[in-house]
Amino acid sequence: MVAMINVASNGCIEATRVKDENYHMLLKPKGTVKTIESEDGRDVIDCVDIYKQPAFYHPLINDLQVEPSSYPSGRKVDETLPEIIQDWRKNGECPDGTIPIRRTKKYDPHRHFPIGLHGRNFNSSLDPDIHDGHEYAIVYEKGGSYHGSQARINIWNPQVEENEMSISQMWVASNTQLESVNTIEAGWIVLPERYGDHQTRFFVYWTSDGYQTTGCYDLDCPGFVQMSKKFGVGSPIAPVSIYAEESFEILVEIFQDVETKNWLLLVQDELIGYWPGNIFTTLANDADELHWGGEIFDSKRNGHHTTTQMGSGHFPNEGYKKSSYFHNIRMMDNLNYAWSEPANPQTYVTNPLCYDSQIAPNRQGNAGTYFQYGGPGNSAQCP
């Protein structure tokens, strides 16, 4: 039986406003017991009592799931996984019983979903306005009942123009035929408008109504329940890959707990936290699509296609250490509680002259099912 702890809902979101002289007003959460500044001075981390984190302000979240009721069948801890470096931990650790929360500002998320896959008859490369500036180069699996998604995601630091973003992530989604799509999202992101710099950061996101009124990034609203005291969502991650020299990746797993129906997140085998099943509508039961890949936002502010890069900023045909990749993409379906290879992975690309995605034909090696993706954006072939 899974261990659950009831949490009293007694106003855990009260906050103190703290002035950051550089660029915005920041919020210090109630329940902060220690504050750590990153070595470069760009991030402030508050170590907050785990029972006073934002999630417990949500009217449907009353319990803390201490650990998974079980792990996927046959799952093994990978002892070779390196620890992801987060700059703030060079200056201290959060105490037991607390979680790290990055001070942030209120932010309009500009999130979107690759709707060309879902019930609209159009060729998105001929009708880019349907995506409202969002472009994708992804691989997806649909047509089943899914309870988990896994991948090793290559880490880069792409060039991103002002008021734009570049993301490499996993989507776990349901109700995708309707406006009220439910999604869980995790991966890395470069988003200067939100984070105040061009660093590569690990993020989480969720929505239960198609990005309308529910959901948020990281811990900006009640929803995602943080468990790890070591890993700060929204904080920079390192190292990042260097073109033609070094390649770095992170293992990301999202799977649904058998008993609680919560969706758990693990990064490098570390349990980061979970999305409670009851904050969703259709995702409370299962997912009907899994996506892996890249997304950018093009503001079209200069009258031509953006130079914002996706992935490494290079097309998938350049190969390992040059093109960005997802390795070992796996799914968990209704047949058994174990990871398996995608049955019928397919690519979806909105603008292949600017960004592309290619599934590797060989799925038998150590990389399993994998694909390469990305691109430079504006060029002679992408005006």
Using ring centroids (six-membered ring only for Trp), state whether Tyr71 and Tyr337 fall under 6.0 Å. no
Give the intermediate values and the outcome of side chain to side chain contact (heavy atoms under 4.5 Å, CB included) for residues Gln86 and Phe231. CA-CA 8 Å; Gln86 292 196 305; Phe231 194 92; 4.0 Å; yes
Using atom types as modelled and distance alone, determine if a side-chain donor or acceptor of Tyr348 lies under 3.5 Å from a backbone N or O of Gln346. no
Note: Asp288-Lys142 ion pair, threshold 4.0 Å (strictly below): no
Looking only at the side chains, is there a donor atom on one of Glu185 and Gln169 sitting less than 3.5 Å from an acceptor on the other? yes
Side chains of Ser174 and Thr282: any donor to acceptor distance under 3.5 Å? yes
Kindly indicate, with the supporting measurements, whether the criterion side chain to side chain contact (heavy atoms under 4.5 Å, CB included) is fulfilled by Arg103 and Thr35. CA-CA 10 Å; Arg103 288 191 194 168; Thr35 297; 3.6 Å; yes
Quick one: salt bridge (Lys or Arg N to Asp or Glu O under 4.0 Å) pairs with a partner in residues 161-177, sequence neighbours left out? Glu161-Arg301
Hydrophobic cluster membership, Phe202 vs Tyr325, 4.5 Å side-chain cutoff: no
Using a strict cut-off of less than 4.0 Å between a Lys/Arg side-chain nitrogen and an Asp/Glu carboxylate oxygen, indicate whether Lys322 and Glu245 qualify as a salt bridge. no
Report, as yes or no, whether the 6.0 Å neighbourhood of atom NZ on Lys230 holds more than 12 heavy atoms from other residues, nucleotides or ligands. no
Which residue is it: Ile279, Ile184, Ile61, Leu265? I am looking for the one with a side chain to side chain contact (heavy atoms under 4.5 Å, CB included) to Phe224. Leu265
Is the ring centre of Tyr217 less than 6.0 Å from the ring centre of Tyr205? yes
Step through it carefully: locate the ring centre of His314, locate the ring centre of Tyr373, and say whether they are under 6.0 Å apart. no
Using modelled atom types only, decide if a donor and an acceptor are shared between the side chain of Gln53 and the backbone of Gln226 within a distance under 3.5 Å. yes
Among Phe371, Trp292, Tyr140, which residue meets the ring-ring contact (aromatic ring centres under 6.0 Å, His included) test with Phe326? Phe371
Applying disulfide (SG to SG under 2.5 Å), which residue pairs with at least one partner in residues 219-289 are found, sequence neighbours left out? Cys216-Cys221
Treating Gln309 as the side-chain partner and Gln159 as the backbone partner, does any N or O pair qualify as donor plus acceptor under 3.5 Å? yes
Distance-only side-chain donor-acceptor flag, Asn378 / Thr307, under 3.5 Å: no
Counting distance only, does the side-chain N/O of Thr369 pair as donor-acceptor with the main-chain N or O of Pro342 below 3.5 Å? no
So among Tyr355, Tyr211, Phe297, which one has a ring-ring contact (aromatic ring centres under 6.0 Å, His included) with His134? Phe297
With a 4.0 Å cut-off on N to O distance, would you call Asp78 and Arg152 a salt bridge? yes
With Val172 as partner, the option from Leu283, Asp286, Thr183 fulfilling side chain to side chain contact (heavy atoms under 4.5 Å, CB included) is Leu283
Evaluate the criterion side chain to side chain contact (heavy atoms under 4.5 Å, CB included) for residue pair Trp156 and Thr200; output intermediate values, then yes/no. CA-CA 7 Å; Trp156 294 86; Thr200 301; over 6 Å; no
Look only at the side chain of Asn154 and the backbone of Glu249, and say whether a donor-acceptor pair between them is shorter than 3.5 Å. no
Pairing donors with acceptors under 3.5 angstrom, does anything connect the side chains of Gln65 and Asn262? yes
Look at Asp43 together with Arg201 and state whether they make a salt bridge at an N to O cut-off of under 4.0 Å. yes
So, for Phe280 and Trp263, is the gap between ring centers shorter than 6.0 Å? no
Are any side-chain N or O atoms of Asn182 and backbone N or O atoms of Ser180, one a donor and one an acceptor, separated by less than 3.5 Å? yes
Thr207 side chain to Gly215 backbone, donor-acceptor under 3.5 Å: no
Got a salt bridge between Arg102 and Asp218, using NZ or NE/NH1/NH2 to carboxylate O under 4.0 Å? no
